[in-house]
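Hydrogens, waters and symmetry mates play no part in the numbers below; they use all other heavy atoms, side chains included. In listed order, ligands and their atoms are each counted from 1. In this text, all values refer to a predicted model and were calculated from it rather than measured experimentally.
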Amino acid sequence: MLDSIRDKVFSGQRLTKEDAVALFQSDDLFAIGRLASHVAENKNGKNAYFIVNRHINPTNICVNRCKFCAFSRSKGEEGAYELTIEEIIEKLKDGHGSRVTDHGFSEVHIVGGLHPDWPFEYYLNMLSAIKKEFPPIAIKAFTAVEIDYMSKISGLSLEETLMELKKSGLDLMPGGGAEIFAEGIRNKLCPEKISGDRWLEVMETAHRVGIKTNATMLYGHLEGIGDRVDHLFKLRDLQDRTGGFQAFIPLAYHPKNTEIGGFYSSGIDDLKTIAVSRLVLDNFDHIKAYWIMLGEKISQVALLFGADDIDGTIIEEKITHSAGAMTEEGMTREELMHLIKRAGKIPVQRDAFYNEL
Ligand code: V47
Ligand code: SF4
């Protein structure tokens, strides 16, 4: 089976769902990794991208309370917080020009809970305040789940919601909230969350109005191989139609302090998932090994298994660290470059749109 997959990859034929299942079932991690690495080098050469960025989570108060999420709180619960726009601006000023970001941020990544009381204007004001204070920083903000919620609270259509956000400064969107599209598992993991089809609809609308996005898949919880494969193929189909996805990021489930519990993903599964994603998502330019979740060392090795991006400096990370992440919360530019170089790759500092800096 791997032989026929190898032939397809080398002759540029698309893999089928059966091929993807066979890859996930195979124990020949090296063969899969070598194939994925071949594809990655065809697309991006020896380049491995990173970005000087900062994460901001405006609030952890969330009406959804997904069962895999250790970050969220209900309103009034101990540990619940909400940031003002001034506090967000202060956070961005803090790291700007510091040791961690001696070249300034290229991007701010903003995601948070679905707050029961904040009006749509809060989000618009947040974007325009950041743009006014830091014009060169690209704003990558709000998952499809948050966009759907904003459309509900504002009474606007998806398209109008996205256009308003864009006018206020939204540059692109992160890939979170996709989790796993399979309905049965999704209902167990996050019964209150929008469906997989709605997630795809929000992304399709974003692409149509000219907003690039990423895509993710949460793996290592209750899902099976078939669920992963279906998820990847839905993303590949949408990308065929819109071309609006920049990068795919497999998110390794972290079990601590969550309602569903379970185990951390294994390093073998992490590398295989990166490699199979690279092979299946032939229409995605970039596969990101998110070091916060994979760990610094697995994400470095992932650069030899099909990944071409390890994300960025981050500075402050709450979502994975609430669920038992074992990584630091941030890395310096120099540390990221060191990891990449020691993997035999060329570190390329990028902006939010993969332009080399
Ligand atoms: O949507 C929540 C996930 C996502 C857990 O687009 C968990 O560049 C693991 O989407 N274990 C947010 N994952 C993170 C995200 C992201 C991160 C970095 C870059 C980009 C990008 C996107 O984290 C959530 C959810 O899918 N998540 N809880 C958990 N216990
Ligand atoms: Fe809320 Fe997102 Fe956490 Fe779900 S994953 S509870 S939507 S913050």
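Atom 5 (S) of ligand 2 has K193 NZ, 3.5 Å as its closest protein atom, hydrogens excluded (heavy atom only). Shortest contact from atom 1 (O) of ligand 1 to any protein heavy atom: G177 N, 2.9 Å. Atom 1 (Fe) of ligand 2 has as its closest protein heavy atom C62 SG, 2.3 Å. In this structure, atom 11 (N) of ligand 1 lies nearest to the protein heavy atom H254 N, 2.9 Å. G175 N, 2.8 Å is the protein heavy atom nearest to atom 6 (O) of ligand 1. Protein heavy atom at the shortest distance from atom 27 (N) of ligand 1 is I319 CG2, 3.9 Å.
Looking at ligand 1, you won't find any N or O of H109 less than 3.5 Å from one of its N or O atoms. Polar contact check, C69 against ligand 1: no nitrogen or oxygen pair lies under 3.5 Å apart. The shortest N or O to N or O distance between E179 and ligand 1 is under 3.5 Å. Distances between N or O atoms of A323 and those of ligand 1 include no value under 3.5 Å.
Residue contacts with ligand 1, taken as heavy atom pairs separated by less than 4.0 Å, involve A252 solely via the backbone atoms N, CA, C and O. Neither the backbone nor the side chain of F71 comes within 4.0 Å of ligand 1, counting heavy atoms alone. The part of I249 lying near ligand 1 is the side chain, judged by heavy-atom distances below 4.0 Å. Residue D311 touches ligand 1 through its side chain alone, judged by heavy-atom distances below 4.0 Å.
Heavy atoms of K140 come nearer than 4.0 angstrom to ligand 1 in at least one pair. Ligand 1 has no atom lying under 4.0 Å from any heavy atom of V111. Contact annotation: L251 has at least one heavy atom less than 4.0 Å from an atom of ligand 1. Ligand 1 lies out of reach of A70, whose nearest heavy atom is not under 4.0 Å from it. Using a non-hydrogen distance threshold of 4.0 Å, K256 does not register as a contact of ligand 1.
Ring geometry for F248 against F284 counts as perpendicular: the plane angle is over 60°, on a 0 to 90° scale with 30° as the lower cut. Ring orientation note: the planes of F181 and W199 are tilted relative to one another, at an angle of 30° to 60°. The aromatic rings of H109 and H55 lie parallel to each other, with less than 30° between the two planes, well short of the 60° mark.
Within a 6.0 Å radius of NZ in K8, more than 12 heavy atoms belonging to other residues, nucleotides or ligands are found. Summarising the local packing, CD of E183 is surrounded by 12 or fewer heavy atoms from other residues, nucleotides or ligands at distances under 6.0 Å.
Short contacts between ligand 2 and R65, defined as distances under 4.0 Å to a heavy atom of the residue, involve ligand atoms 6 (S). Heavy-atom contacts of N64 reach the following atoms of ligand 2: 7 (S) (cutoff under 4.0 Å). Interface atoms of ligand 2 facing C69, defined by a heavy-atom separation under 4.0 Å, are 3 (Fe), 5 (S), 6 (S). Each of the following atoms of ligand 1 lies closer than 4.0 Å to a heavy atom of G176: 1 (O), 10 (O). Ligand-side atoms of ligand 1 in range of L218: 7 (C), 9 (C), 13 (N), range being under 4.0 angstrom from any heavy atom. Contact atoms of ligand 1 toward N214: 6 (O), 8 (O), 21 (C) (distance under 4.0 Å to a heavy atom of the residue). Heavy-atom proximity to S72, at under 4.0 Å, picks out these atoms of ligand 2: 3 (Fe), 6 (S).
Under the 4.0 Å criterion applied to side-chain N and carboxylate O atoms, R350 and D309 are assigned as salt-bridge partners. Between K234 and D237 no salt bridge is recorded (no basic side-chain N to carboxylate O distance below 4.0 Å). Between R333 and E335 there is no salt bridge, since no side-chain nitrogen of the basic residue lies less than 4.0 Å from a carboxylate oxygen of the acidic one. Using a 4.0 Å cut-off between charged side-chain N and carboxylate O, E41 and K345 make a salt bridge.
Between the side chains of T258 and Y253, at least one donor N or O sits under 3.5 Å from an acceptor N or O. Side chains of E82 and H115: a donor-acceptor N/O pair is present below 3.5 angstrom, by distance only.
Side-chain contact between H207 and K212: absent, with no pair of heavy atoms (C-beta onward) separated by less than 4.5 Å.
Residues H254 and F68 place their aromatic rings such that the two centres sit no closer than 6.0 Å.
In this structure a side-chain-to-backbone donor-acceptor pair under 3.5 Å is present from E317 to H321. Looking at E90, its side chain never comes within 3.5 Å of a backbone N or O of E87 through a donor-acceptor pair.
Here the closest heavy-atom approach between residue D351 and residue S106 is recorded as CA-CB, 4.2 Å.
With Y253, F68, Y290 as candidates, the residue nearest to atom 28 (N) of ligand 1 on a non-hydrogen basis is F68.
Checking C66 against atom 4 (Fe) of ligand 2, an N/O/S atom falls under the 2.8 Å cut-off.
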